[in-house]
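To keep things clear, I will list the structure first and then write my remarks on it.
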Number of protein chains: 4
Amino acid sequence: MPTQARTQVRHERILDAALSVFASRGYRDASVDEVAEAAETSKGGIYFHFPGKQAIFVALLERSADLLLARIVEAVEVEREPVARADAALRAVLKLFGSHRALARLFLVEALGAGPELRARMAAVNGRFAAFIRQNLDEAVQQGAIAPIDTALASQVWFGALNQIVSDWVLAEQPGRLEDSYPALRALLLRSVGAAP
Amino acid sequence: MPTQARTQVRHERILDAALSVFASRGYRDASVDEVAEAAETSKGGIYFHFPGKQAIFVALLERSADLLLARIVEAVEVEREPVARADAALRAVLKLFGSHRALARLFLVEALGAGPELRARMAAVNGRFAAFIRQNLDEAVQQGAIAPIDTALASQVWFGALNQIVSDWVLAEQPGRLEDSYPALRALLLRSVGAAP
Amino acid sequence: MPTQARTQVRHERILDAALSVFASRGYRDASVDEVAEAAETSKGGIYFHFPGKQAIFVALLERSADLLLARIVEAVEVEREPVARADAALRAVLKLFGSHRALARLFLVEALGAGPELRARMAAVNGRFAAFIRQNLDEAVQQGAIAPIDTALASQVWFGALNQIVSDWVLAEQPGRLEDSYPALRALLLRSVGAAP
Amino acid sequence: MPTQARTQVRHERILDAALSVFASRGYRDASVDEVAEAAETSKGGIYFHFPGKQAIFVALLERSADLLLARIVEAVEVEREPVARADAALRAVLKLFGSHRALARLFLVEALGAGPELRARMAAVNGRFAAFIRQNLDEAVQQGAIAPIDTALASQVWFGALNQIVSDWVLAEQPGRLEDSYPALRALLLRSVGAAP
DNA sequence: GATGAATGAGCATTCATTCAT
DNA sequence: AATGAATGAATGCTCATTCAT
């Protein structure tokens with residue numbers, strides 16, 4: 001295996017370990033030692049690949065956000081009309097988080113307690129997603145699919161609602177299937193913007 | 001001033017200081033020393049009134065939750081029909097948080113990073129509020145004011161939406177007036193459950 | 001009750017409480033608060049009667065040492081010949097400690113971990129007792145009851161042996177009756193100085 | 001120097017420093033910082049090698065007990081008859097402590113004030129030693145070298161006597177040579193069990 | 001590239017003592 | 001005399017980060 005590939009593998013292994021450790025212990029309570037152990041490497045090894053604990057979290061967030069956005073784009077681009085697109089995005093989010101609970105926990109719970117800088121980065125990620133929702137709502141308005149509304153606020157509402165559904169599921173002791181919430185959630189959200197479910 | 005009153009005052013002064021310090025520095029990053037300084041007392045003084053750092057946070061949460069719930073009950077009990085009641089509750093929340101940004105920050109941002117035990121306590125507080133929303137929606141359904149829906153999910157959506165609106169406002173660099181969001185938010189939420197705004 | 005008597009009573013009550021608390025928790029691990037609670041008074045009350053924690057310990061030691069010495073003198077003065085006198089002293093010690101285990105613990109265990117100054121005071125108390133033994137042994141030698149020996153060392157041996165017996169009894173989980181050790185101990189000690197048991 | 005050896009050296013250096021600090025300042029009054037300074041390392045360095053302050057004390061106790069027992073075994077195994085063996089053990093103890101006063105202080109003085117858990121550990125070490133004495137006395141009885149006596153009590157007496165001699169020497173302001181006590185102590189102890197000196 | 005020993009700043013908590021009431 | 005609120009110095013321990021090997 002070429003050197004570069006080995007490094008890449010190590011890098012990924014650390015991120016995987018960090019995801020697991022941060023999700024179960026919490027970012028603040030998790031120590032770099034724990035991540036190192038989970039990654040089957042040493043503390044020094046971690047610091048060779050990442051400049052610090054926070055950088056691991058950031059890298060993890062970006063890797064995950066890229067994955068999430070990719071899934072959404074993938075799901076959305078097969079649809080044409082705005083409402084169906086938003087619908088597809090919603091389903092994609094529930095599907096991804098539904099099958100990656102640790103990821104959901106990282107995004108929706110741990111990131112908030114990780115300090116100001118990480119919170120700001122999370123806000124940026126969230127912003128990307130909210131902007132995507134808003135853009136679709138705007139298009140729906142332009143196309144006359146829904147009546148003119150405050151799409152900035154509506155996208156916040158959609159985002160917050162989805163956030164809450166997933167957060168509750170993440171923190172539930174005995175969580176059911178996240179995707180089961182889809183039909184009812186979809187109906188509520190569409191109604192909220194005046195679109196016929 | 002009688003001793004008992006002095007103690008009460010000190011107790012409150014510490015909570016006020018803690019609110020300010022926790023909101024600006026974050027619960028984890030705030031030290032007991034900082035709280036002591038803000039309360040114009042000593043570290044030992046803090047520990048005379050509270051058994052530990054976490055207990056301060058819990059006391060703060062409970063004092064605030066009581067205040068919030070009291071405001072809501074107060075606002076709600078003058079209304080008769082469920083939709084108007086939910087409406088009043090919504091307005092009360094926006095009004096209280098709108099004029100106590102630190103409190104909002106404490107509730108919606110800091111509490112999440114404060115570790116598992118405090119998170120659980122927050123969940124209980126949130127649960128009380130969500131249950132209140134749900135109860136009103138249930139009544140609205142029974143009275144035929146709105147069509148039968150999954151009120152458990154709907155209350156989550158309402159809660160999540162409100163949470164998001166307030167959180168964004170809390171974290172905004174130059175926040176406007178929180179209450180300005182009321183009319184549009186109200187319209188969205190009512191539409192979401194099929195009630196005519 | 002006259003004021004002076006009340007003070008006296010309070011003073012004693014604090015010493016009794018301190019004996020109990022120091023014996024069960026250890027001098028270092030016991031807090032002044034615990035003593036105050038056991039004495040059914042307040043921390044301030046303690047400091048009215050004693051200048052500090054250490055002073056309580058010292059007062060306790062002195063009160064106890066006086067009691068012990070009094071018992072010994074009492075037991076000894078009815079005997080004439082040196083060996084019988086030492087014998088009586090031995091029995092008195094076993095009897096007193098045997099019925100006051102907390103006192104024994106205070107003297108033989110806690111006092112050692114109480115810091116340099118208290119250790120020095122304990123050494124003085126021990127010294128008084130060892131000197132008493134030695135004096136009797138010296139008289140026994142002068143009277144020809146026992147052969148000439150190094151009575152300084154012999155008194156240390158007697159003291160150490162007694163100390164050990166009592167200490168082991170103090171620390172035993174299920175202690176028997178301390179006085180039961182008397183006959184065999186007596187025989188060993190007398191033989192050690194060449195006196196016919 | 002290979003890593004493993006360096007670690008070993010550091011480990012020992014910390015124990016040596018702890019011995020010195022604990023002996024001079026007392027276990028309770030000594031701070032981990034002081035130990036670190038004496039070991040020419042940092043507080044964190046200490047905690048890399050030992051899980052806590054108490055663990056240092058325990059390690060020290062065990063290292064020392066092993067040394068003491070080894071010296072005794074070594075001294076004893078060249079002797080055949082029980083009395084001579086006990087004699088050799090006695091001499092070995094006086095010799096070791098006589099040349100390691102800090103060690104003696106640690107064992108006989110500081111360990112007692114170090115709290116319940118450490119006291120229990122010390123009791124175990126003492127027990128090993130007392131059992132050794134008793135075993136030799138038992139053999140002497142069986143071989144008819146001495147008359148039948150309560151060897152459990154006799155071993156306590158021997159142990160206590162030795163303990164006292166060493167303790168007094170440890171706490172003396174201007175101590176002489178500990179080994180000088182040997183002949184007279186030997187005579188007393190042997191006489192106490194009815195063996196001809 | 002990797003290891004793990006070392007660093008040192010930071011922090012919650014305890015507690016003997018003081019003192020206003 | 002007595003109370004209990006207040007003080008502040010002290011300390012064990014954690015952990016992100018550095019670096020010699």
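A, B, ... follow the sequence lines: proteins, then strands. Residue 1 opens every chain. Just so it is clear, the structure is predicted and the values come from calculations on it, not from any experiment. Any value given below was found using the heavy atoms of this structure, including those in side chains, with hydrogens, waters and symmetry copies removed.
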To the nearest angstrom, how far is [X] atom [atom1] from [N] atom [atom2]?
X       : N      : atom1 : atom2 : result
A:His49 : F:dT17 : NE2   : C1'   : 17 Å
A:Lys53 : F:dT18 : NZ    : P     : 15 Å
B:Phe50 : E:dT13 : CZ    : P     : 13 Å

- Taking E:dT17, F:dT14, E:dA5 as options, the one with an atom nearest any side-chain atom of D:Tyr47 is F:dT14
- Identify which nucleotide among F:dT3, F:dT7, F:dA16 has an atom closest to any side-chain atom of C:Thr41, counting heavy atoms from C-beta outward.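 Shortest atom-to-atom distance from the side chain points to F:dT3.
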- Is there a residue in residues 54-62 of chain C whose heavy atoms reach under 4.0 Å of DNA chain F, and which residues are they?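 Residues of residues 54-62 of chain C that come under 4.0 Å of DNA chain F do not exist, since none gets that close.
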- Task: Taking only the side-chain nitrogens and oxygens of D:His11, find out if one of them lies under 4.0 Å from OP1 or OP2 of E:dA5.
- Result: no
- Query: F:dG4 phosphate, OP1 or OP2: any side-chain N/O from B:Thr7 under 4.0 angstrom?
  - Reply: no
- Which pairs with one or both residues in residues 37-50 of chain D pass side chain to side chain donor-acceptor pair (under 3.5 Å), sequence neighbours excluded? D:Asp33-D:Lys43
[X] to [Y] - nearest heavy-atom pair and separation:
X        : Y        : value
D:Asp29  : C:Pro116 : OD2-CD, 4.3 Å
C:Ala65  : C:Phe107 : N-CZ, 3.7 Å
C:Leu103 : C:Ser64  : CD1-OG, 3.0 Å
C:Gly45  : C:Ile14  : O-CD1, 4.3 Å

- Item | Which residues share a side chain to side chain contact (heavy atoms under 4.5 Å, CB included) with D:Ala111, sequence neighbours left out | D:Phe57, D:Met122
- Query: Does the base of E:dT7 carry an N or O that pairs as donor and acceptor with the side chain of D:Lys43 under 3.5 Å?
  - Reply: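 Result: no qualifying N/O pair found.
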- Item | Over 12 non-hydrogen atoms of neighbours within 6.0 angstrom of CZ in D:Arg101 | yes
- Residue A:Arg13 excluded, over 12 heavy atoms near CZ under 6.0 Å: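 It does: A:Arg13 CZ has more than 12 such atoms within range.
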- C1' gap between F:dT21 and E:dG1, integer Å: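 Those two atoms are separated by 13 Å.
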- Task: Mind listing the residues from residues 27-40 of chain C sitting with a heavy atom below 4.0 Å of DNA chain E? Number order is fine.
- Result: C:Ala30, C:Ser31, C:Val32
- Query: Looking at residues at least two apart in the chain, or sitting in another chain, which of them share a salt bridge (charged side-chain N to carboxylate O under 4.0 Å, His left out) with B:Arg119?
  - Reply: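 Here the qualifying residues are A:Glu110.
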- Item | 5'-most by nearest nucleotide on DNA chain E - A:Phe48 or D:Gly44 | A:Phe48
- Task: Please figure out whether A:Arg10 or D:Ile46 has its closest DNA chain E nucleotide nearer the 5' end.
- Result: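 By nearest-heavy-atom nucleotide position, the 5'-most residue is A:Arg10.
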- Note on the structure: Here DNA chain F, pairs taken as Watson-Crick or G-U under 3.5 Å and shown with ( ), [ ] when crossing and | when to another strand, reads .||||||||||||||||||||
- Task: Check D:Val58, D:Ile56, D:Leu60 against D:Phe50 for a side-chain contact (heavy atoms from CB on, under 4.5 Å) and give me the one that passes.
- Result: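 Result for side-chain contact (heavy atoms from CB on, under 4.5 Å) with D:Phe50: D:Ile56.
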- Message: With rounding to the nearest 0.5 angstrom, report the NE2 to CD1 distance, C:His11 to C:Ile46.
- Response: 10.5 Å
